[in-house]
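Everything below concerns the one structure shown next.
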Amino acid sequence: MKYFYARVSSATQNLDRQVKLFKEMGAHDRDIFIEKKSGKSFEDREEWKSLYDRLRPGDIVVIKNLDRLGRNAKEVREVLLSLANNNITIESIDQAYLNNFLKDKLANREADSLAEAMLNAMLDTMLEVDLLKAEWERKELRKRQEEGIRRAKEKGLVFGRKKNDNYREAIKELYPRTRNKDAENYITVKEATEIIGCSKKTFYLLVEEIFGKIQ
């Protein structure tokens, strides 16, 4: 049986991209487990616990990135080994090149100690590199968002509770970014209203005034 696990570490982050990828792979809603929680350990993650209780030998858990399993290479490796001990496999979408390596390594119970140590070191290094890359990409995204806000301010936009003229200018800049969830500079309407300093009601009234009726 194949299951799918999506996680973000805060309630304000968006899970749609992960879920969309899973559905494109043929996943049914009943087989997708969604977690909006960081948790100090996997024992604190209720959806993971529900998924883990359902898993049986031979099952596969699909994730977008190995960093969904833990905060660092050590935590990720512990989860991988725990699953492997029950003959359960993890498949990563972003690290597809690692999938066969993980299967072969974790299934091999007869390796001599030197070979095992070498493989462990190799796996830890590969995981650490990928996790650092994912963290770097998240920081770059935040940096681009901050640069967009800075450029808007340089154009004379004032972000805060000002008159509707300022709201309109800010909405022209930010509303298009709320439309495409797959775009790198995507922000939610809630985030846009917080940046502008207006209510959602005012936001949508001015959006309709500027862009026309929302479809």
Side-chain angles (χ1 to χ4, degrees), residues 4-30 32-40 44-48 62-69 71 92-95 130-215:
F4 300 80
Y5 179 68
R7 182 180 72 83
V8 290
S9 56
S10 75
T12 60
Q13 291 177 295
N14 197 290
L15 279 161
D16 289 351
R17 295 177 204 175
Q18 294 179 57
V19 174
K20 181 181 177 183
L21 278 173
F22 296 160
K23 290 191 174 181
E24 287 174 352
M25 297 172 66
H28 297 289
D29 288 334
R30 66 177 180 274
I32 299 175
F33 290 76
I34 296 174
E35 195 100 66
K36 281 197 172 187
K37 188 176 182 181
S38 59
K40 294 182 179 179
D44 297 323
R45 298 173 187 168
E46 294 175 2
E47 286 301 307
W48 175 260
V62 179
I63 53 175
K64 185 179 183 298
N65 191 293
L66 288 169
D67 68 359
R68 301 299 83 199
L69 294 179
R71 295 167 295 181
S92 167
I93 296 172
D94 289 351
Q95 294 115 335
D130 268 12
L131 293 174
L132 287 172
K133 178 175 178 287
E135 178 61 24
W136 178 83
E137 289 173 346
R138 286 193 292 272
K139 287 180 179 178
E140 282 298 298
L141 177 58
R142 287 196 294 271
K143 181 180 176 183
R144 287 194 293 272
Q145 291 174 337
E146 290 168 0
E147 287 174 350
I149 294 170
R150 177 179 56 78
R151 286 195 298 270
K153 288 181 177 179
E154 288 173 354
K155 291 178 182 178
L157 302 186
V158 179
F159 295 92
R161 290 195 170 277
K162 301 295 181 180
K163 295 180 180 180
N164 280 359
D165 286 344
N166 282 332
Y167 288 163
R168 288 185 184 92
E169 291 303 311
I171 286 170
K172 287 177 185 178
E173 177 83 20
L174 297 177
Y175 174 68
R177 292 172 53 186
T178 68
R179 301 294 288 169
N180 184 1
K181 293 180 179 179
D182 294 323
E184 289 187 351
N185 66 346
Y186 170 76
I187 59 174
T188 64
V189 169
K190 182 176 184 293
E191 290 168 333
T193 56
E194 288 175 351
I195 292 170
I196 297 168
C198 69
S199 67
K200 281 189 177 181
K201 181 179 178 181
T202 299
F203 180 87
Y204 283 118
L205 284 172
L206 293 176
V207 164
E208 187 167 334
E209 175 189 310
I210 296 166
F211 295 97
K213 191 172 180 63
I214 301 172
Q215 299 298 319

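The figures that follow rest on heavy atoms only: side chains count, while hydrogens, waters and symmetry mates do not.
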Next on the checklist: Restricting to non-hydrogen atoms, name the atom on K172 and the atom on F211 that form the minimum distance, rounded to 0.1 Å.
Outcome noted: CA-CZ, 4.1 Å
Item to check | Value rounded to 0.5 Å, distance of CD1 in I63 from CZ in F4 | outcome: 12.0 Å
Item to check | Which residues share a side-chain hydrogen bond (donor to acceptor under 3.5 Å, both in side chains) with S92, sequence neighbours left out | outcome: Q95
Checklist entry - To the nearest 0.5 Å, how far apart are CD in E46 and CZ in F33? => result 13.0 Å
Checklist outcome for this item: SG of C198 to OH of Y204, rounded to nearest 0.5 Å, is 10.5 Å
Next on the checklist: Nearest 0.5 Å, please: how far is CD1 in I93 from NZ in K64?
Outcome noted: 7.0 Å
Checklist entry - E209: what forms a salt bridge (Lys or Arg N to Asp or Glu O under 4.0 Å) with it, not counting sequence neighbours? => result R168
Next on the checklist: Restricting to side chain to side chain contact (heavy atoms under 4.5 Å, CB included), what partner residues turn up for L205, sequence neighbours left out?
Outcome noted: K201
Checklist entry - Do any N or O atoms from the side chain of Q18 and from the backbone of L15 form a donor-acceptor pair under 3.5 angstrom? => result no
Next on the checklist: I'd like to check L206 versus Y175 (side-chain heavy atoms, cut-off strictly below 4.5 Å). Are they in contact?
Outcome noted: no
Next on the checklist: Among residues at least two apart in sequence or on other chains, which ones pass side chain to side chain contact (heavy atoms under 4.5 Å, CB included) with E194?
Outcome noted: K190
Checklist entry - Can you name the residues that form a salt bridge (Lys or Arg N to Asp or Glu O under 4.0 Å) with K20, not counting sequence neighbours? => result D182
Next on the checklist: How long is the straight-line distance from CD1 of I195 back to CG of L174, given to the nearest 0.5 Å?
Outcome noted: 5.5 Å
Next on the checklist: Quick one: does any side-chain atom of R68 pair with a main-chain N or O of R7 as donor and acceptor, under 3.5 Å?
Outcome noted: yes
Item to check | Heavy-atom closest contact (V62 atom, F22 atom, distance) | outcome: O-CZ, 3.9 Å
Next on the checklist: Which residues pass the side-chain hydrogen bond (donor to acceptor under 3.5 Å, both in side chains) test with D29, not counting sequence neighbours?
Outcome noted: K23
Checklist entry - For the atom pair OG1 (T202) and CD1 (I196), what is the distance rounded to the nearest 0.5 Å? => result 10.0 Å
Item to check | Residue from E191, R179, R177, R17 passing side chain to side chain contact (heavy atoms under 4.5 Å, CB included) with Y186 | outcome: R17
